[in-house]
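Data block below; observations after.
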2 protein chains.
Amino acid sequence: MADVTLHDVARASGCSVSTVSRVLAGSRPVGAATAARVRQAVEDLGYRPNHVARALRSRSTGTIGLVLPQITNPFYPTLVRELTYALHADERAVLLADCDDDPKAEAGHISALLDRQVDALVVIPAHEQHSRTAVAAAAARVPLVLLDRGCGPGVADSVAVDNAAGMALVLDHLAAEGRRRLCFVGASGTASAAAERRTAYEAGAGALDPEAPGRVALGDFSVAWGRAAVDRIWTERAAAQRPDALVCANDLIAVGALQRLRQLGADVPGEVAVTGFDDIPLADLADPAVTTVRQPVAELAAEAARLLDRRPVSEQAGPRRSIRLAPRLVVRASTGRSSASHTPKSAPATRPETESAQ
Amino acid sequence: MADVTLHDVARASGCSVSTVSRVLAGSRPVGAATAARVRQAVEDLGYRPNHVARALRSRSTGTIGLVLPQITNPFYPTLVRELTYALHADERAVLLADCDDDPKAEAGHISALLDRQVDALVVIPAHEQHSRTAVAAAAARVPLVLLDRGCGPGVADSVAVDNAAGMALVLDHLAAEGRRRLCFVGASGTASAAAERRTAYEAGAGALDPEAPGRVALGDFSVAWGRAAVDRIWTERAAAQRPDALVCANDLIAVGALQRLRQLGADVPGEVAVTGFDDIPLADLADPAVTTVRQPVAELAAEAARLLDRRPVSEQAGPRRSIRLAPRLVVRASTGRSSASHTPKSAPATRPETESAQ
DNA sequence: TTGAAAGCGCTAACAG
DNA sequence: CTGTTAGCGCTTTCAA
């Protein structure tokens, strides 16, 4: 049934195995009549090429390894979906490995994937520093793209959202809505998302209020921290001292903040606006729905897929490429003095905004 | 570097390739001294076996295909994580394919995975009926386990939660909390989760209130339907006619219901309790947090992994196995007349409750 | 206990 | 344009 080989097809169509191979691969011109006979035989016998044999001989498995820190991080399922779509469209299969936020496990998975002869790797590194060695070693062997998170400069090609641009969208929007007493609820740590978003806030918020860049609370990227931050920010200040907008470094923080604010009886968005970042599904489900920055997930995935190709023969050649895609603002009920959500005033930008080699 | 082959190791350790192969595979006894030399050479040269060549020769890739309907369904990331853990622990790699709820795409992915010579398949079928042919065809070629959802009787081995047991836990809990006017908010369709949960509700609710089994609203497994259901159930009835508990067929519905209830000013859980099913992360984030039925995700994954092995040589042999695992109740604030969450009164059951061949 | 040899199914030179 | 011939790197008979 499925044990039909190239030889069987060759015999059935009265030509040699190489000819059949050529017809199937289109690697070289083949006579029209022969090609037709071959195709007929393929059809008749129900021939299916054996990818393992093909991989052994051609030194290409058509398989990409995807290593991520935690598939349960609510931002990743969408990214994984888009990435698999992009790769499958290109006839490439995806080997998945979840390393549970552990750089050791991550290193193990990376080397297991290399042993399995993946053509390339997409890695969302678990840790800015501790992932570096394994990633660098792998990047020396196969094309490797860092997705969503960085891993130090020059380690590998990378694709991520333009965090600074996203934060600027938020600040513009809040300014337009008349918010002035901003406060940033972010995450400590050196991971690119944490650092870049915070820096962008500090750089941009001063235009609204000289005090704003100093109002920064740092925890981690969790709902729990969002709640805790509100306890600190809201409870410990007199009403007049409270911010009129909480700029959260991601949606989870925003959702936690929102929850606690409601429990404390604060009026969102009347009294205080709340913004997030990422646009995970939860952002739209919160009550009120969270104004946030939507990452161009499909485009990030597509760019990653594209980068995997563009390391032709000389894998080591060329500078590392670092691609940043512009996000777009999604305005929902958690900001806006008025009523429900309205359309974003910033035009969506789905194509690369900056593409720089470093 | 990575181009070290068995031959190199053989040469370096002064023996034949077959001996080296035996040492590495442990397939046959090898002299202690020789074995030591071989291992040393492996170490020195940094030899890494080529899985592709191994697969071609041994007709086993050590790779499992995982096909699912939508990785963005919030219940699946955890399942995927546990399944990959279980399989990786066993040195098996996982090829992932998301079919976007489309049985056509699903069939395509299944056959692509078979072409890639996966050793076995884990399929979460996209559709009870339309997935059948492709699944049955694949099951005839490799070991195949249906996970979470069924696909008609006798098609393949399957592993899923015991929906009836889960619903019974909910009903018991609500009864103990003194709820009597129950209403079920479920999903239409024949998918096992939808049908079994509804049937179990209808079978069990009568003990509390003869009217309860008749109070059933059917939509789909979404937040939107949860909201819409409350609009129907709550708005269209006089206060005295309203249910004192909404039994939702999954957590998404429960979250939607909760949202709308709050918007309508209803008191949850004082006036009405709300329960979910699955225990997705969102259930704990909702406000109030949702009492729900936790699926034994790790155990489901482990059982699936186990079933993949147990089809020894004669793949066709033996009856289809259908494994159902007992879930456990997680009590949170959305039920309970009193205050916060307390520990479940039903004992957790993580081992197979029923294992039946059909 | 070990080695030699024969392939797994396919692609890629190399000749015609 | 097509066929012949080598292998890809490994496992597994079959002999010794």
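In what follows, chains carry the letters A, B, and so on, assigned in the order in which the sequence lines appear, proteins first and then strands, with residues in each chain numbered from 1. Reckoned from all heavy atoms, side chains included, excluding hydrogens, waters and symmetry mates.
B/Asn50 places its CG atom 13 Å from the C1' atom of D/dT11, with the value rounded to the nearest Å. The separation between A/Leu56 atom CG and D/dC10 atom C1' is 8 Å, rounded to whole Å. Atom NE2 in A/His7 sits roughly 11 Å away from atom C1' in D/dT4 (whole-Å rounding). Remark: P of D/dC10 and CZ of B/Arg48 are 12 Å apart, rounded to the nearest angstrom. The interatomic distance linking A/Arg116 (CZ) with D/dC8 (P) rounds to 22 Å, in whole Å.
If you check C/dG3, C/dT11, C/dT2 against the side chain of A/Leu6, the one that comes closest is C/dT11.
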Taking distance alone, no hydrogens or angles, what donor-acceptor pairs closer than 3.5 Å link side-chain atoms of residues 104-115 of chain B to residues at least two apart or in another chain?
| residue | atom | partner | partner atom | Å |
| --- | --- | --- | --- | --- |
| B/Glu106 | OE1 | B/Ser131 | OG | 2.5 |
| B/Glu106 | OE2 | B/Ala126 | N | 2.8 |
| B/His109 | ND1 | B/Ala105 | O | 3.3 |
| B/His109 | NE2 | A/His88 | ND1 | 3.4 |
| B/Asp115 | OD2 | A/Arg48 | NH2 | 3.4 |

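One finds the CD atom of A/Glu299 at 8.0 Å from the CD atom of A/Glu82 (value rounded to the nearest 0.5 Å).
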Distances under 3.5 Å between nitrogen or oxygen atoms of protein and nucleotides 12-16 of chain D:
| residue | atom | partner | partner atom | Å |
| --- | --- | --- | --- | --- |
| D/dT13 | O4 | B/Arg22 | NH2 | 3.1 |

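At C/dC8, none of the side-chain N or O atoms of B/Arg59 fall inside 4.0 Å of OP1 or OP2 (strictly under the cut-off). The side chain of B/Thr5 places no N or O atom within less than 4.0 Å of a non-bridging phosphate oxygen (OP1 or OP2) of D/dC8.
Listed here is the closest heavy atom pair of A/Pro77 and B/Pro77: CG-CG, 3.8 Å.
Residues passing the salt bridge (Lys or Arg N to Asp or Glu O under 4.0 Å) test with A/Arg92 are A/Asp90, A/Asp309, sequence neighbours excluded.
No side-chain N or O of A/Ser60 forms a donor-acceptor pair with one of A/Ser58 less than 3.5 Å apart.
Across the interface with DNA chain C, nearest-nucleotide mapping of B/Gly14 and A/Leu24 shows B/Gly14 to be the residue nearer the 5′ end.
Here the options are A/Leu68, A/Val67, A/Val80, A/Leu66, the test is side chain to side chain contact (heavy atoms under 4.5 Å, CB included), and the partner is A/Asp98; only A/Leu68 passes.
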